[in-house]
Amino acid sequence: MTKQKSVKGLLIYLLVSIIAMFFLYLIGLSILLTNPTELKQLSEMMGISGPPEILALLAIIPNFIIIIVVLVIGFFTAHKVGLKSVVIHPNARVKSKSDWINGIKLAIILGSIAAVVVIGFNYLFQPFLPDSLIETLQPYTALHFISALLYGGVVEELIMRFGVMSLLVFIFWKLFNRKSKKPTNWIFILAIFISALIFALGHYSATSHMTEMTAFIWFRMILLNGIGGLFFGWIYWKHNLELAMLGHMFAHIVMNLIMLVISFS
């Protein structure tokens with residue numbers, strides 16, 4: 001009998017998350033080393049002083065704690081509501097070759113669409129954006145690109161889909177649909193929208209650090225960061241976590257390609 005879930009798979013994702021956090025640490029450290037103002041602000045916010053290496057490390061500890069929590073949550077809830085991870089749930093690996101090909105195509109297509117929509121809206125909004133946000137519409141550096149793939153593509157999907165979305169489906173199922181043997185479609189759809197909204201709102205700190213939070217900036221933040229979450233949540237529901245990760249990765253790849261083309265034009 002095939003196991004429903006694998007602790008080994010959970011540990012694999014913990015290791016990948018640690019690697020992703022390392023690249024996030026390098027980005028934070030490079031910012032602190034080249035920007036004394038950022039270093040001073042972070043030191044004041046934490047209430048401690050110290051070398052940039054220590055402050056950069058302390059800054060990512062909350063992220064690491066969140067990753068551990070959501071991995072545990074997803075491990076105990078995802079399979080109960082029918083959500084799957086190929087790495088963690090051995091049963092999810094039983095798919096035909098055509099199913100895999102179709103799933104991969106879908107992930108690439110939806111990830112690419114998300115990228116085009118986000119870039120399109122960003123350039124449509126550009127006349128109304130402050131310089132601090134316009135400066136972010138640049139091709140990734142090598143370090144940022146690796147971080148986007150690992151932290152954005154893997155860790156953010158572990159947090160928002162495997163952790164948050166799985167938990168929301170489980171809670172809504174038990175609260176509103178417990179007589180059913182499995183959650184109904186509207187519960188998954190609601191969880192997809194809420195997890196996408198939570199992800200979008202999670203960008204408040206970074207956005208508010210760059211500019212004043214006007215009504216328009218709020219709208220842009222929620223719209224552009226929520227679009228991808230809807231696509232990736234749907235892929236997680238209908239296919240599996242790994243294809244949602246693939247879609248998220250391709251969104252970053254296509255966004256970077258578009259920005260590279262624009263920068264050379």
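The first residue in the sequence is number 1, and the count goes up from there.
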Could you report the tightest heavy-atom contact between [X] and [Y], atom names first, then the distance?
{"X": "Gln138", "Y": "Ile134", "result": "NE2-O, 4.4 Å"}
{"X": "Met255", "Y": "Ala115", "result": "CG-CB, 3.4 Å"}
{"X": "Gly153", "Y": "Met249", "result": "CA-CG, 3.9 Å"}
{"X": "Ser208", "Y": "Ser205", "result": "OG-O, 3.1 Å"}
{"X": "Pro130", "Y": "Thr211", "result": "CG-OG1, 3.2 Å"}
{"X": "Ala92", "Y": "Trp100", "result": "O-CZ2, 4.4 Å"}

Please output the side-chain donor-acceptor pairs of residues 11-19 that fall under 3.5 Å, not counting sequence neighbours, one pair per line with the distance.
unit_1	atom_1	unit_2	atom_2	d
Tyr13	OH	Glu242	OE2	2.4
Ser17	OG	Tyr13	O	2.7

Minimum side-chain heavy-atom gap [X]-[Y] below 4.5 Å:
{"X": "Leu197", "Y": "Phe193", "answer": "no"}
{"X": "Tyr140", "Y": "Leu149", "answer": "no"}
{"X": "His89", "Y": "Leu83", "answer": "no"}
{"X": "Thr184", "Y": "Ile187", "answer": "yes"}
{"X": "Glu38", "Y": "His209", "answer": "yes"}

Rounded distance [0.5 Å steps], [atom1] in [X] versus [atom2] in [Y]:
{"X": "Leu133", "Y": "Thr207", "atom1": "CG", "atom2": "OG1", "answer": "7.0 Å"}
{"X": "Tyr123", "Y": "Leu137", "atom1": "OH", "atom2": "CG", "answer": "5.0 Å"}
{"X": "Phe121", "Y": "Leu224", "atom1": "CZ", "atom2": "CG", "answer": "7.5 Å"}
{"X": "Phe162", "Y": "Ser195", "atom1": "CZ", "atom2": "OG", "answer": "14.0 Å"}

Ring centre gap for [X] and [Y] strictly below 6.0 Å:
{"X": "Phe199", "Y": "His203", "value": "yes"}
{"X": "Phe170", "Y": "Phe76", "value": "no"}
{"X": "Trp218", "Y": "Tyr204", "value": "yes"}

**OP:** Could you go through the side-chain contact (heavy atoms from CB on, under 4.5 Å) check for Val169 and Trp237 one step at a time?
**Re:** CA-CA 10 Å; Val169 172; Trp237 172 28; over 6 Å; no
Original post:
Can you list every pair that meets ring pair (Phe, Tyr, Trp, His ring centres under 6.0 Å) and has a residue in residues 241-265, with sequence neighbours left out?
Top reply: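 Listed by first then second residue: Phe232-His248, His248-His252.
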Shared hydrophobic cluster, [X] / [Y] (ILVMFWY, side-chain heavy atoms < 4.5 Å):
{"X": "Phe219", "Y": "Met210", "answer": "yes"}
{"X": "Ile262", "Y": "Leu260", "answer": "no"}
{"X": "Val86", "Y": "Val7", "answer": "yes"}
{"X": "Leu39", "Y": "Met45", "answer": "yes"}
{"X": "Leu223", "Y": "Met160", "answer": "yes"}

Subject >> Trp234 vs Leu106, side-chain contact (heavy atoms from CB on, under 4.5 Å): CA-CA, chis, key distance, verdict >> reply: CA-CA 11 Å; Trp234 190 86; Leu106 179 68; 3.3 Å; yes
Side chains of residues 49-73: which donor-acceptor pairs under 3.5 Å do they make with residues two or more places apart or in other chains?
unit_1	atom_1	unit_2	atom_2	d
Asn63	ND2	Tyr151	OH	3.0

Subject >> Side chains of Tyr236 and Ser166, donor plus acceptor under 3.5 Å >> reply: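 Per modelled atom types, Tyr236 and Ser166 side chains form a pair under 3.5 Å.
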